[in-house]
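One structure below.
A note on names: the letters A, B, ... follow the listed sequences, proteins ahead of strands, and every chain is numbered from 1. Everything quoted here is computed from the prediction, not taken from an experiment.
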2 protein chains.
Amino acid sequence: MSETLDPPSHPAHEASPKRQAIVSAAAKLFMANGYGSVSMDAIARAAGVSKATLYAHFASKDALFATIIGGKCAAIALEGDTFLTDGEDIGVALNKIGRHLMHFLVAPETQAMLRVVISESGRFPELGAAFLRAGPEKFLARLREWFAAQHEAGRLVVPDAQIAADQFSALMRPLMFLRAMVAVPPSPTEAEIATTVDAAVTTFLRAFKPNS
Amino acid sequence: MSETLDPPSHPAHEASPKRQAIVSAAAKLFMANGYGSVSMDAIARAAGVSKATLYAHFASKDALFATIIGGKCAAIALEGDTFLTDGEDIGVALNKIGRHLMHFLVAPETQAMLRVVISESGRFPELGAAFLRAGPEKFLARLREWFAAQHEAGRLVVPDAQIAADQFSALMRPLMFLRAMVAVPPSPTEAEIATTVDAAVTTFLRAFKPNS
DNA sequence: GTCTATAGGCCGATAGAC
DNA sequence: GTCTATCGGCCTATAGAC
């Protein structure tokens, strides 16, 4: 990919309605079908513009894809900025966090984005790094700080909060998550998610709760 | 995909040298580059045959892809049939199992296959299910039985061996695994794998070892 | 079964009028 | 900026000779 992944870069002020229509249509199509099997014709048709207009706003299919992915990464970065609850029972708090995370991970939009990133990160080397920074690494950093605070407050015994955060997150990606990633139905139900998170929190607390 | 994933199905006895060359070349290309961006021309060239010969052995690109994936799934199913060690310290045993699994998960060949399966399971609905059966589900079933045996022997306290197996496996897919999946270097080193597995086993044993 | 040659279609990108 | 029309290339798949 010759373009950076962090733009806005190119011509026509950001808010042009046709440009917005293009971005919106392209995002939907790329997320649903990946990069290769989406044609510029299809994007132009879905956006209700001509292909020439499309190329007036984006220099190439790569550049359009980069813009879309950049936007999606920014959207993930915003996701879940206000759910690290505090001041309640540690088990309840972990349950809330876990449920929020797992819900996010198996959501169709998240799955679509993960699939695209995993599929195309070989062809677009910046893609994987931008995704990691905006998504998992950012989340893990915040969770690490939260764990460190719980450790400080004596509600958990996690001398290495980084590892604990990584392990807690990993427990939210069990077989159920793999099944969703390879598109095998049925999609996880609310009840299955709750059961799985409960089990993960139980295991986590057995390993890290203080009094024991 | 109109073809099943479990074949051998079609014409020309399995062992024709040209057919083997085609399968070998196609496997390499599909695993490295996914389905869409690999052309039948490229496969024919890499196999040293003409495109017409290719179509004499496989009715379509889809059918060829199905054969390749079927072979890969069979190969995963064979993987790791003899590593559930017994009769030693439980921590040592878990470390061996974990190291084996994590090594497998981040190996380039495994990563390539995972990427293809995740990318194409939307377009080829059988693909994800065949992969799950041959890979994770088969492995989890064997690990579950092993855990149940350890529980029986009093070396672990895992009343629900299925959940424990799922959680232990999930702990082998931490951030390091995600990083590999989105092709962000550096690849995990032997030392990083060992450290991560040690930490996972420590956490797992804190939650499930008997005497506590 | 295997080849060469090509049909027929879709794709990314552009030319030129307005 | 936006359109219509089209170029040149690559793709899957096949026809026909041997």
Side-chain angles (χ1 to χ4, degrees), chain A residues 1-3 7-30 32-69 116 119-120 123-124, chain B residues 1-3 7-30 32-69 116 119-120 123-124:
Chain A
M1 182 153 36
S2 50
E3 319 289 324
S9 57
H10 216 251
H13 46 303
E14 196 79 355
S16 152
K18 298 239 173 191
R19 185 192 172 94
Q20 286 183 328
I22 291 169
V23 168
S24 169
K28 195 171 299 181
L29 287 171
F30 279 140
N33 304 106
Y35 178 83
S37 63
V38 173
S39 73
M40 293 296 258
D41 280 277
I43 295 171
R45 203 178 318 126
V49 302
S50 75
K51 229 183 341 174
T53 299
L54 206 165
Y55 278 97
H57 286 274
F58 299 93
S60 67
K61 186 181 177 183
D62 277 15
L64 176 55
F65 184 67
T67 301
I68 301 303
I69 296 294
V116 172
S119 307
E120 308 299 339
R123 225 187 312 266
F124 303 101
Chain B
M1 179 153 39
S2 50
E3 317 291 324
S9 56
H10 217 249
H13 46 304
E14 196 78 356
S16 151
K18 298 239 172 190
R19 186 191 173 95
Q20 285 183 329
I22 291 170
V23 169
S24 169
K28 196 171 298 181
L29 287 171
F30 279 140
N33 303 106
Y35 177 83
S37 62
V38 173
S39 72
M40 293 296 257
D41 279 277
I43 295 172
R45 203 178 318 125
V49 304
S50 76
K51 234 187 329 182
T53 299
L54 205 166
Y55 277 97
H57 285 274
F58 299 93
S60 68
K61 186 181 176 183
D62 278 15
L64 175 54
F65 184 67
T67 301
I68 301 301
I69 296 294
V116 172
S119 307
E120 308 300 340
R123 224 186 314 265
F124 304 101

Rounded at 0.5 Å granularity, tell me how far NE2 in A:H57 sits from OG1 in A:T67.
12.0 Å
Gap separating the CG atom of B:L29 from the CG atom of B:L64, nearest 0.5 angstrom:
10.0 Å
Can you check each nucleotide of nucleotides 2-14 of chain D against protein heavy atoms at under 4.0 Å and return B for base, S for sugar-phosphate only, - for none, in 5' to 3' order?
BBB------SBBB
Restricting to side-chain contact (heavy atoms from CB on, under 4.5 Å), what partner residues turn up for A:K28, sequence neighbours left out?
none
side-chain contact (heavy atoms from CB on, under 4.5 Å) partners of B:A47, counting only residues at least two apart
B:A21, B:I22, B:A25, B:V49
Sequence neighbours left out, what passes salt bridge (charged side-chain N to carboxylate O under 4.0 Å, His left out) with A:K18? Give chain and number order.
none
Over its full length, what angle do the end axes of the helix from C:dG1-D:dC18 to C:dC18-D:dG1 make, each axis taken from five pairs and the result rounded to 10 degrees?
10°
Applying side chain to side chain donor-acceptor pair (under 3.5 Å) as the test, list every pair that has at least one member in residues 39-48 of chain A; sequence neighbours left out.
A:D41-A:K51
Going by heavy atoms in the side chains, are A:K61 and A:F30 under 4.5 Å from each other?
yes
